[in-house]
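Every chain is numbered from 1, with letters handed out A, B, ... down the list of sequences. Excluded from the calculations below are hydrogen atoms, water molecules and symmetry mates; all remaining heavy atoms, backbone and side chain alike, are included.
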Number of protein chains: 2
Amino acid sequence: MNNCTVREIFKGVDFSDADFNIAQSKFERISVKKGDILLIAGQSVPYQYYVEDGCMRTYHITDTGKDVTIQFAIKDWWISDYTAFFTGGKSVLNIECIQDAIVYRLAKQSMEELYVEVPGIESFFRIKMERFFGSFQRRILSDLALSAKDKYKTFLKAYPNIEKHIKNYHLASYLGITTESLSRIRHELAHE
Amino acid sequence: MNNCTVREIFKGVDFSDADFNIAQSKFERISVKKGDILLIAGQSVPYQYYVEDGCMRTYHITDTGKDVTIQFAIKDWWISDYTAFFTGGKSVLNIECIQDAIVYRLAKQSMEELYVEVPGIESFFRIKMERFFGSFQRRILSDLALSAKDKYKTFLKAYPNIEKHIKNYHLASYLGITTESLSRIRHELAHE
DNA sequence: CTGTTTTCTTATCCTACGTCAATTTTTTTG
DNA sequence: CAAAAAAATTGACGTAGGATAAGAAAACAG
């Protein structure tokens, strides 16, 4: 698999050749290694990232040092600290590569140019954000309403392809439990 | 306080008289009583609501019958099941009036007309949604990282005007704890 | 392939918060 | 204002999941 193009990124958008070239020119392809940090909390957030391959996550470190994962992104997902990306404020999240990855980064400025220059792109992004919004809402419901075991099962069902890319402690951090608890839950589920 | 106008709703947007009239025509003013339900889970979601006065909440009832509050809205806030409102899907939330209220409802269709007819309105709504997005993100962080007591303190600090409008059991439902626990927390905080 | 580091598991004990039940306080209503 | 209903508090007890510690299993490096 070599350089993907924006055709893949904007699946569903009907590009002319000119549109294609404009869109392509706004992205920068970056190869990132496991452990690389693309954003540190407290900074401003100039980019969002499209993941062509590999796995990234956003996480927050609390005052007490607890690591809380907000999002994972595998192939064909987007990732950033969107709250800060949109508002122009400082990030509270870090972005980390947790499996060697190829990402395409898009600056906020370039995104806004795309809105204007390429018809259909703005609504593409709008729909993407609406889905994000939905996933946040479901996450809140799941956090408030479910036991650790049910949150785990819900995660597996909602994102069946992610587990194989991530460490147990990343998943625990996403579910808001300890690795030990997650380990017990896996044990129980295997024996029931 | 009588009929407010869209000037109040769209504070910060610089209207011409014509814009004003267009905008005003899209809203319907509704008086709602404590206990009234404006939306039931499973329905489609044609409206979002601007609260002029009183208090509303959105909540979800889980499979096991647990009541989970997603949002409160007091004076000058907007409320809906936005996930469903945007995507056109069915709601998972209910919208309930918890203190006699005056609300202005805006249909999705009318909102889209406004985007086109009144310059500045689309970005007004975009900014509103970005803030919503941020509040969802902060909520997830708070749910995953904090103890019940700290979530309560964080809520009071973030939304100092809401507590006086709502019952304890509504707040407990928002924090994801029982009314008994909230009661104990209040007791502890009063004595420390 | 072997030693080292990282990750995962298992066991014991502990604590924050839930459950259940009774009582008091507040709000609503006729 | 009195009676009834709704909401909040308090106490006794139970439990899911956290903390700590130690060992097993994978992953990685030389």
Side-chain angles (χ1 to χ4, degrees), chain A residues 33-36 54-55 57 59 61-69 72 96-100 142-156 162-192, chain B residues 33-37 54-55 57 59 61-69 72 96-101 142-156 162-192:
Chain A
K33 286 278 158 202
K34 181 175 168 177
D36 287 356
C55 188
R57 70 162 183 145
Y59 66 98
I61 303 294
T62 69
D63 307 338
T64 57
K66 190 171 170 182
D67 174 318
V68 178
T69 295
F72 297 113
E96 177 192 19
C97 173
I98 56 179
Q99 191 175 77
D100 290 0
S142 149
D143 287 341
L144 291 176
L146 302 183
S147 67
K149 190 191 276 187
D150 287 342
K151 279 202 271 182
Y152 176 61
K153 291 200 279 192
T154 303
F155 177 86
L156 292 186
I162 288 187
E163 198 186 19
K164 55 174 155 301
H165 294 278
I166 64 182
K167 300 289 181 193
N168 261 331
Y169 59 81
H170 288 138
L171 181 46
S173 151
Y174 180 94
L175 298 174
I177 62 179
T178 59
T179 59
E180 293 91 338
S181 287
L182 179 54
S183 192
R184 270 179 229 120
I185 289 168
R186 289 151 90 81
H187 181 85
E188 283 170 44
L189 289 176
H191 291 239
E192 77 182 18
Chain B
K33 287 277 160 205
K34 181 174 167 175
D36 287 357
I37 304 287
C55 188
R57 70 163 184 145
Y59 66 99
I61 302 294
T62 70
D63 308 338
T64 56
K66 189 169 170 182
D67 173 318
V68 178
T69 294
F72 297 112
E96 177 192 19
C97 173
I98 57 179
Q99 191 175 78
D100 291 359
S142 149
D143 287 342
L144 291 177
L146 301 183
S147 68
K149 189 191 276 187
D150 286 342
K151 279 201 270 184
Y152 175 62
K153 290 199 280 192
T154 302
F155 177 86
L156 291 186
I162 288 187
E163 198 186 20
K164 56 174 155 304
H165 294 278
I166 63 182
K167 300 289 180 192
N168 263 330
Y169 60 83
H170 288 138
L171 182 45
S173 151
Y174 180 94
L175 298 174
I177 62 179
T178 59
T179 59
E180 293 91 334
S181 287
L182 180 54
S183 190
R184 276 179 217 117
I185 288 168
R186 288 151 89 81
H187 181 85
E188 284 170 43
L189 288 176
H191 291 241
E192 78 184 17

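- At least one side-chain nitrogen or oxygen of B:His187 sits closer than 4.0 Å to the OP1 or OP2 atom of D:dT10.
- The side chain of B:Thr178 places an N or O atom within less than 4.0 Å of a non-bridging phosphate oxygen (OP1 or OP2) of C:dG18.
- Contact annotation for A:Lys34: backbone-only contact, meaning every heavy-atom pair under 4.0 Å involves sugar-phosphate atoms and none involves a base.
- Residues A:Leu156 and A:Glu163 form a side-chain contact, since some pair of their non-hydrogen atoms from C-beta on lies under 4.5 Å apart.
- Following rounding to the nearest Å, A:Lys167 (NZ) and C:dT5 (P) show an atom-to-atom distance of 17 Å.
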For this session: With side chain to side chain donor-acceptor pair (under 3.5 Å) as the test, would you mind laying out the steps for A:Asp67 and A:Ser173 before giving the verdict?
Result: CA-CA 6 Å; A:Asp67 174 318; A:Ser173 151; 2.8 Å; yes

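- To the nearest angstrom, P of D:dT10 lies 14 Å from CD1 of B:Ile185.
- When rounded to the nearest whole Å, the span between OH of B:Tyr169 and C1' of D:dA5 equals 12 Å.
- Residues A:Arg186 and B:Ser147 both approach DNA chain C. Their nearest nucleotides, taken by heavy-atom distance, put A:Arg186 toward the 5′ side.
- Nearest nucleotide to the side chain of B:Ser183, out of C:dT10, D:dC28, D:dT9: D:dT9.
- Taking the side chain as every heavy atom from C-beta outward, B:His170 and B:Phe72 approach each other to under 4.5 Å.
- Considering only side-chain atoms of B:Glu180, the nucleotide from D:dG18, C:dT19, C:dC17 that sits closest is C:dT19.
- Rotation axes derived from the C1' atoms of the five outermost pairs at either end of the helix from C:dT9-D:dA22 to C:dG30-D:dC1 lie 50° apart, to the nearest 10°.
- Looking at B:Asn168 and B:Ser183, their side chains never come closer than 4.5 Å, going by heavy atoms from C-beta outward.
- With rounding to whole Å, A:Lys151 atom NZ is found 9 Å from D:dG18 atom P.
- For C:dT7, neither phosphate oxygen OP1 nor OP2 lies less than 4.0 angstrom from any side-chain nitrogen or oxygen of A:Asn168.
- Contact annotation: A:Ser181 reaches the phosphate of D:dG18 (side-chain N/O to OP1 or OP2, under 4.0 Å).
- The main-chain N or O of A:Lys33 is found under 3.5 Å from a side-chain atom of A:Asp36 such that the two form a donor-acceptor pair.
- Judged by distance alone with a 3.5 Å cut-off, a donor-acceptor contact links the side chain of B:Arg184 to the base of C:dT19.
- Residue B:Lys149 places none of its side-chain N or O atoms closer than 4.0 Å to OP1 or OP2 of C:dT15.
- Nucleotide C:dT7 holds its P atom 8 Å from the NE2 atom of A:His170, rounded to whole Å.
- A donor-acceptor pair is defined here as one N or O able to donate and one able to accept, closer than 3.5 Å; such a pair exists between the side chain of A:Thr154 and the backbone of A:Asp150.
- A:Asp67 places its CG atom 12 Å from the P atom of C:dT7, with the value rounded to the nearest Å.
- In this structure, B:Lys33 atom NZ and C:dT28 atom C1' are separated by 14 Å, rounded to whole Å.
- Within the 3.5 Å criterion, the main-chain N or O of B:Leu189 finds no donor-acceptor partner in the side chain of B:Lys149.
- In plain terms, the two heavy atoms of B:Gly176 and B:Lys66 that are nearest each other are O-NZ, 4.5 Å.
- Rounding to whole angstrom units, CG of residue B:Leu182 and C1' of C:dG18 are separated by 14 Å.
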